[in-house]
Amino acid sequence: MKPNELFSSALQRIQKEQTKKRKPRPDHVTSLPLESIKRAPAVFQPRSFHGGAAVDDQHVIVLTSAIKRQGPLEPLTVWWSGVSFYVIDGHHRLEAYKRFLDAYKRLEAHKRVGEAWGLTEGIPIDEFRGSLEEAIGRTLEGNSKAKLNMSLGDKLNGAWRQTCITELTKAQLAAVAQVSERTIANMRKVRDELEKPQPGGDDFESPPKLDRQGMADLSWRQAQILAKGGSGPALDWEARQDKLVKDWTARLLKEFGKKITQHPEAFVRALVGVNDDIPRLLSEAESWEGYAKGAEVDDDLR
């Protein structure tokens, strides 16, 4: 796994693995050694943008404790590239196993559980036997018991990537990405707009159009901005917003954890105590409306 890897470069790396002389496919694998399972979050983790670490630390702590108490978790879903196995569903579980086994030699409780379940020999897996495109789509489908729900933004970014790199029908894309067909139709319009050559500064040259893998490196919001004529400053603003969101999310989780969802009324009253205009400002925010309505909202720029 390469930190902060772009979707397009990670995808090309895996595609190259598929063209190499393939290793014999294992017949039927139900467990694998931890070190043999590769990660490519830029491709297979919907919550990851540009390959950043997309795991929720609190969720990993809960899963690690569950391993200590009861042994193996629900199997990870892996996909065979022809060279390596990649985790496509279970990044948090994989990280929890890593932390558990890191403590295996130091903590007697971990050692007892690890030996009883044979976790040092391998962790439970299910193999997904589809194409690379199908494996990417699989990451967006459903939520297992050990998987965090995806936010609206994650779903939209995942749907946008699928729109860029696959030739699935509108109905198929909507079903895989768990968004509306109307949203997919809007994404196709943006994709088609970005494929058009853009006018240059003179009559003799114009900037090259984006290829579809390049488009997939953009977030859905960034793609919309570009399609409407936005450029560097607009995208820089979007990047700053994303950084601010991640920073504030981490700070809220560290300070409050689950208390916000357990006591929403108290949290709202605390916000009003800070500034009684906050409810109005939140109700007018575009993101607030989107999350309130769910993924069926038309996410066009207004």
* Under the salt bridge (charged side-chain N to carboxylate O under 4.0 Å, His left out) test, residues paired with Arg129 that sit two or more places apart ->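 Expected list: Glu127.
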* Asked: Near Glu133 CD, under 6.0 Å, is it more than 12 heavy atoms from other residues, nucleotides or ligands?
  -> yes
* Structure fact -> Test salt bridge (Lys or Arg N to Asp or Glu O under 4.0 Å), reference Glu95, set Arg99, Arg93, Lys98, output is Arg99
* **With Ile88, the side chain to side chain contact (heavy atoms under 4.5 Å, CB included) member among Ile136, Thr77, Val78, Val43** =>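 Only one option passes, and that is Thr77.
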* Which of these, Met187, Arg182, Arg188, sits in a side chain to side chain contact (heavy atoms under 4.5 Å, CB included) with Lys170? -> Arg188
Quick one, [X] and [Y] - any side-chain contact, counting heavy atoms below 4.5 Å?
| X | Y | answer |
| --- | --- | --- |
| Ile184 | Val179 | yes |
| Leu34 | Leu101 | yes |
| Val176 | Leu173 | no |
| Lys258 | Thr261 | yes |
| Pro124 | Tyr97 | yes |
| Ile14 | Phe44 | yes |
| Leu218 | Leu226 | yes |
| Arg39 | Gln45 | no |

Check whether [X] reaches the backbone of [Y] with its side chain - one donor and one acceptor, N or O, closer than 3.5 Å.
| X | Y | result |
| --- | --- | --- |
| Ser9 | Leu6 | yes |
| Asp126 | Pro75 | no |
| Gln222 | Ser219 | yes |
| Gln172 | Thr169 | yes |

Spacing of [atom1] belonging to [X] relative to [atom2] belonging to [Y], to within rounding of 0.5 Å:
| X | Y | atom1 | atom2 | result |
| --- | --- | --- | --- | --- |
| Asp211 | Ile165 | CG | CD1 | 12.0 Å |
| Ile123 | Thr30 | CD1 | OG1 | 12.0 Å |
| Leu132 | Arg138 | CG | CZ | 15.0 Å |
| Ile37 | Ser31 | CD1 | OG | 9.0 Å |
| Leu168 | Thr163 | CG | OG1 | 9.0 Å |
| Leu271 | Leu282 | CG | CG | 7.0 Å |

Side chains of residues 60-71: which donor-acceptor pairs under 3.5 Å do they make with residues two or more places apart or in other chains?
residue : atom : partner : partner atom : Å
Thr64   : OG1  : Val60   : O            : 2.8
Ser65   : OG   : Ile61   : O            : 3.1

* Side-chain donor-acceptor pair present, Glu17, Ser81, cut-off under 3.5 Å -> yes
* Asked: Below 6.0 angstrom between ring centroids: does that apply to Phe128 and Trp79?
  -> no
* **Electrostatic pair Arg212:Glu167 at N-O distance under 4.0 angstrom** => yes
* To do: State whether Asp277 and Arg280 are salt-bridged, where the test is any N-O pair (Lys NZ or Arg NE/NH1/NH2 against Asp/Glu carboxylate O) under 4.0 Å.
  => yes
Do you know the tightest heavy-atom contact between [X] and [Y]?
| X | Y | result |
| --- | --- | --- |
| Val190 | Ala227 | CG1-CB, 3.8 Å |
| Pro279 | Asp276 | CD-O, 3.6 Å |
| Ser8 | Asp217 | OG-OD2, 2.5 Å |

* Pick out which of Arg191, Lys196, Lys189 makes a side-chain hydrogen bond (donor to acceptor under 3.5 Å, both in side chains) with Glu193. =>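 Testing Glu193 for a side-chain hydrogen bond (donor to acceptor under 3.5 Å, both in side chains) against Arg191, Lys196, Lys189 leaves exactly one candidate, Lys196.
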* To do: Please state whether the rings of Trp80 and Phe85 are parallel, tilted or perpendicular, taking 30° and 60° as the class boundaries.
  => tilted
